[in-house]
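Data block below; observations after.
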Amino acid sequence: MLLATFKLCAGSSYRHVRSMKGLRQQAVLAIGQELNRRALGGPAPAAWINQVRLRGSLLGSQLEDSLYSDQELAYIQQGEEAMQRALGILKDQEGWKKESRQANGDEVLSKVIPDVGKVFRLEVVVDQPMERLYEELVERMEAMGEWNPSVKEIKVLQKIGKDTIITHELAAEAAGNLVGPRDFVSVRCTKRRGSMCVLAGTATLYEEMPQQKGVIRAEHGPTCMVLRPLVGSPSRTKLTWLLSIDLKGWLPKTIINQVLSQTQVDFANHLRKRLESCPALEARC
């Protein structure tokens with residue numbers, strides 16, 4: 001069986017066989033199943049089996065990479081790097097200054113980060129389970145314009161694997177129209193880590209979505225939302241939102257700071273209203 005499997009795997013290196021759909025996936029799967037069967041049915045694996053397992057693992061990694069173009073792999077890497085950078089900013093608790101605190105406990109903090117600029121951090125507790133927030137913010141992202149007045153439209157331009165997407169977001173005017181229409185093209189990465197969920201993103205280039213006439217192309221990033229069940233009350237969710245935006249154009253910093261911090265406060269309020277009006281999972285309100 002193992003010899004036949006190696007022949008199948010080796011055959012995938014020939015051009016005319018490599019084009020056969022699913023052949024390499026079947027080969028990798030078959031090798032793993034056969035090695036596991038032999039390991040469970042006999043003595044400790046010999047050195048050569050360990051080597052084959054290592055090669056099979058490497059082949060699986062190469063196979064995964066081969067499923068994406070170089071550009072798609074670059075988007076995946078960009079999204080994951082943005083996530084690590086954003087989480088690193090949140091991890092550093094030093095230097096945060098209070099921008100505002102609402103009566104319900106919602107708090108906006110800010111900090112200046114070298115090579116990034118001023119970032120804003122929203123800390124709120126939402127009286128809904130994390131899965132409900134995940135559904136609204138990730139699975140139903142394109143419906144955000146229905147309940148968040150700061151967003152006119154969000155479209156998913158491309159999905160890459162299970163964790164990465166490219167989006168186009170058209171933002172509404174702000175500060176009494178002092179801040180005109182902006183749009184954003186971003187790569188977004190979503191990861192589940194145990195009971196925690198991280199939604200991260202940053203600005204990217206996407207040839208199929210050039211700049212739009214009459215709209216300033218602003219830039220996100222690095223930015224992220226962290227969702228986790230509230231300690232001692234798992235039916236509630238602690239939401240942390242790191243916001244970093246370059247609005248572009250000629251705008252006074254005082255207006256930018258006011259707009260961004262207020263955007264976070266408004267977002268929390270509109271999100272709560274949305275969740276209260278559609279409390280059930282997989283709601284279609």
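Just so it is clear, the model here is predicted, and its values are computed rather than measured.
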| About how many Å separate CD of Gln262 and CZ of Phe120, when rounded to the nearest 0.5 Å? | 11.5 Å

| Non-hydrogen atoms of Gly161 and Tyr68 that approach each other most closely | CA-OH, 3.4 Å

| Is there a donor-acceptor contact under 3.5 Å from the side chain of Arg132 to the main chain of Cys278? | yes

| message | Please check this pair: side chain of Gln78 against backbone of Ala203, looking for a donor-acceptor N/O pair closer than 3.5 Å. | response | yes

| task | Give the cluster check for Ile255 versus Leu247: same hydrophobic cluster or not, with ILVMFWY residues linked at side-chain heavy-atom distances below 4.5 Å. | result | yes

| query | Mind checking whether Phe184 and Val215 sit in one hydrophobic cluster, side chains of I, L, V, M, F, W, Y counted as touching below 4.5 Å? | reply | no

| Do the non-hydrogen side-chain atoms of Met196 and Lys191 ever get within less than 4.5 Å of each other? | no

| query | With a 4.5 Å heavy-atom cut-off, do Asn104 and Arg272 have their side chains touching? | reply | yes

| query | Should Ile245 and Thr223 count as side-chain neighbours, where that means a heavy-atom distance under 4.5 Å? | reply | no

| Going through the distances and angles, do Ser110 and Asn257 end up as a side-chain contact (heavy atoms from CB on, under 4.5 Å)? | CA-CA 9 Å; Ser110 67; Asn257 294 341; over 6 Å; no

| request: Please indicate whether Leu205 has more than 12 foreign heavy atoms, meaning atoms of other residues, nucleotides or ligands, lying under 6.0 Å from its CG. | output: no

| said: Taking the side chain as everything from C-beta on, heavy atoms only, tell me whether Ile165 gets closer than 4.5 Å to Thr190. | reply: no

| request: Give the intermediate values and the outcome of side-chain contact (heavy atoms from CB on, under 4.5 Å) for residues Met83 and Val198. | output: CA-CA 8 Å; Met83 177 175 291; Val198 182; 3.8 Å; yes

| task | Examine Met141 and Leu199 and state if one hydrophobic cluster contains both, with Ile, Leu, Val, Met, Phe, Trp and Tyr joined whenever side-chain heavy atoms are less than 4.5 Å apart. | result | yes

| query | So which heavy atom on Asp106 is nearest to which on Ala268, and how close? | reply | OD2-CB, 3.7 Å

| query | Counting only heavy atoms not in Gln258, do more than 12 fall under 6.0 Å of its CD? | reply | no

| query | Does one hydrophobic cluster hold both Trp241 and Val138, with members joined at side-chain heavy-atom distances below 4.5 Å? | reply | yes

| Ionic contact status for Lys273 with Glu276, cut-off 4.0 Å | no

| note | Between Val126 and Leu133, the two heavy atoms sitting closest are CG1-CD1, 4.0 Å

| request: Working to the nearest 0.5 Å, report the span between CG of Leu109 and CZ of Arg101. | output: 9.5 Å

| note | In terms of heavy-atom contacts, Phe267 and Met225 come closest through CZ-CE, 3.4 Å

| Below 4.5 Å, heavy atoms only, C-beta onward: do Val116 and Arg85 meet side chain to side chain? | yes

| Val108 side chain reached by Leu260 side chain, heavy atoms, under 4.5 Å | no

| field | Hydrophobic cluster identity match, Trp147 and Val151, side-chain contacts under 4.5 Å | value | yes

| Rounded to the nearest 0.5 Å, what separation is found between the CD atom of Glu146 and the CD atom of Glu136? | 8.5 Å

| How about Asp92: does its CG atom have over 12 heavy atoms from other parts shown lying under 6.0 Å from it? | yes

| remark: The side-chain hydrogen bond (donor to acceptor under 3.5 Å, both in side chains) partner of Asp183 among Lys152, Gln212, Gln211, His168 is His168

| Polar side-chain atom of Lys111 near backbone of Leu90 as donor-acceptor pair, under 3.5 Å | no

| request: Only one of Arg182, Arg217, Arg188 passes salt bridge (charged side-chain N to carboxylate O under 4.0 Å, His left out) with Glu169; say which it is. | output: Arg188

| Is there side-chain contact between Leu243 and Leu122, with heavy atoms separated by less than 4.5 Å? | no

| query | Is there a donor in the side chain of Gln158 and an acceptor in the side chain of Tyr206, or the other way round, less than 3.5 Å apart? | reply | yes

| Quick one: does Leu239's side chain get under 4.5 Å of Leu137's, heavy atoms only? | yes

| task | Please round to the nearest 0.5 Å and tell me the distance separating atom CD of Glu139 and atom CD of Glu131. | result | 8.0 Å

| field | Heavy-atom pair of closest approach, residues Met130 and Ser195 | value | SD-O, 3.2 Å

| In this structure, are over 12 heavy atoms from other groups packed under 6.0 Å from Gln93 atom CD? | yes

| field | Reported CE-to-CZ distance for the pair Met144 and Arg274, which is rounded to 0.5 angstrom | value | 10.0 Å

| query | Passes salt bridge (Lys or Arg N to Asp or Glu O under 4.0 Å), Glu107 versus Lys98? Steps please. | reply | CA-CA 8 Å; Glu107 191 172 45; Lys98 184 184 298 185; 3.8 Å; yes

| Shortest non-hydrogen contact from Leu87 toward Cys224 | CD2-SG, 4.4 Å

| said: How long is the straight-line distance from CD of Glu123 back to CG of Leu242, given to the nearest 0.5 Å? | reply: 10.0 Å

